[in-house]
Amino acid sequence: MKNWKKNKDNRYINLFEKLYDVYGPQKWWPADTPFEVVIGAILVQNTSWKNVERSIKRLKPYLSHPKKLAQLPEETLAQLIRSSGFYRVKAKRISAFLRWFQQYDYEFDRVKKDGEKLRNELLEINGIGNETADVILLYVFHVPVFIADRYARTIFQRFGIHVPPTYEEFRKQVEFHFPKDAILLNEFHALLVTHGKTYCKKKPICEKCPIQNICQRRFTS
DNA sequence: GTCCTGGTGG
DNA sequence: CCACCTGGAC
C-alpha cells in the first residue's frame, strides 16, 4: 500500500479532500432502509430530490415491507409517486425491480454475488441503468464503485480533468485513480452531488464557489 | 434524437 | 412565462 499512488493522478483524491474540507461528511444515502435506497434511486432519475421526498413519505408504510409494495396495483403505485414525475414509467421500473427482488424473498442478505455479476444482473432489470445500478451496488451492497453521474462529469470537466465520453469509461478511469474503498466512494459521490447542486450547476456560480481557487474553469471562462 | 412528467425556482 | 431536475429505453 506504500506505493499506492504510483501511476495515479492525485487530482481526484485532492478534489475529494477539498470538497470534504468544505462540506464535511454527508452521511449518505438519505434513507432509513436499504430498500428505501433502491426506491429513491429509481425515483430520482432525472428528477430533483425535493420532488422525490414527497413520494418517499407517501410510500413510507410500504418501505419496511417490500412485499406489501409488490402487492399494490401498479396504477396505485403510480399515483403514490406522482410528485416524482415520469410516474408511470417509474412505477413500471419499481415493479420490475420488485419482481427481481422476489426471487431473493425480498432480502438483500440473500443476494450473494461478486460486484461485477450483481451489476450485470441489476442492469438486466428494465429501468435500472448504469447510474441506478451503481447507486444500488454502492449504497446497498457497499461494493466500491464510482457513480459517474452528470454532476461528476460536469464538475470534473470544469475542474480540468479529461472525461471520457461513455459512462463506463468514465467510471473506470475514476476507479483507477481513486482509492477502491466503498466508504470513500460513498462520500465522494455525495460530495459531488452537494457541490453540483449548490455551485457547479448547469449555470455555475463560480464567483461564490468555495473551490474556485483550485478549479481550472476560472482561466477558461 | 425523442419520450416520459410533476414540482420548483427563476 | 420558461428551464431544469443525481436517467433510461427505444
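Note that this is a predicted model, so its numbers are computed, not measured. Convention: sequence-line order gives letters A, B, ...; per-chain numbering from 1.
dC2(C) and dT5(B) are spaced 16 Å apart, taking the C1' atom of each and rounding to whole Å. Taking the P atom of each, dG7(B) and dA9(C) are spaced 25 Å apart, rounded to whole Å. Taking atom C1' on both dC4(B) and dC5(C), the two are 14 Å apart, rounded to the nearest angstrom.
Rounded to an integer number of Å, the gap from Lys92(A) NZ to dC10(C) C1' is 14 Å. We find that CD of Glu124(A) is positioned 12 Å from P of dA9(C), with the value rounded to whole Å. Spacing between atom NZ of Lys90(A) and atom P of dG8(C) amounts to 11 Å, rounded to whole angstrom units. Atoms CD (Glu168(A)) and P (dG7(C)) sit 17 Å apart, rounded to a whole Å. For the pair His195(A) NE2 and dT6(C) P, the computed distance is 14 Å after rounding to whole Å. The nearest whole Å value for the distance from the CG atom in Leu123(A) to the P atom in dG7(C) is 16 Å. The separation between Phe188(A) atom CZ and dT6(C) atom P is 18 Å, rounded to whole Å. The CD1 atom of Ile39(A) sits 16 Å away from the C1' atom of dT6(C) (whole-angstrom rounding).
In this pair, His189(A) and Trp28(A) present their aromatic rings perpendicular. The plane angle is above 60°, beyond the 30 to 60° band. Classified by interplanar angle (parallel below 30°, tilted 30° to 60°, perpendicular above 60°), the ring pair Phe146(A)/Phe170(A) is perpendicular. Using cut-offs of 30° and 60° on the angle between ring planes, the pair Tyr12(A) and Phe156(A) is perpendicular.
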Just the atom pairs and distances: protein N or O near nucleotides 1-5 of chain C's N or O, under 3.5 Å.
{"unit_1": "dC5(C)", "atom_1": "O2", "unit_2": "Ser48(A)", "atom_2": "N", "d": "3.4"}

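Sparse packing is recorded around NZ of Lys57(A), with 12 or fewer heavy atoms of other residues, nucleotides or ligands lying under 6.0 Å away. Other residues, nucleotides and ligands contribute only 12 or fewer heavy atoms inside 6.0 Å of the CD atom of Glu75(A).
Residues Pro66(A) and Leu63(A) share a closest heavy-atom pair of CD-O, 4.5 Å.
A donor and an acceptor atom, one from each side chain of Glu169(A) and Thr166(A), are located under 3.5 Å apart.
Contacts of Gly85(A) with the nucleic acid, taken as non-hydrogen atoms under 4.0 Å apart, include base atoms.
Without hydrogens or angle criteria, Lys90(A) side chain to Ser84(A) main chain gives a donor-acceptor distance under 3.5 Å.
Considering Trp100(A), Phe101(A), Tyr139(A) in turn, Phe101(A) is the only one that fulfils the ring pair (Phe, Tyr, Trp, His ring centres under 6.0 Å) rule with Phe108(A).
Toward the 5′ end of DNA chain B lies the nearest nucleotide of Arg88(A), the other residue of the pair Arg88(A) and Arg54(A) mapping further downstream. Sequence order on DNA chain C of the closest nucleotides to Asp149(A) and Ile128(A) puts Asp149(A) first from the 5' end.
Think of the region where chain A sits on DNA chain B: with heavy atoms and a 4.0 Å cut, that region ends 5' and 3' at dC4(B) to dG9(B).
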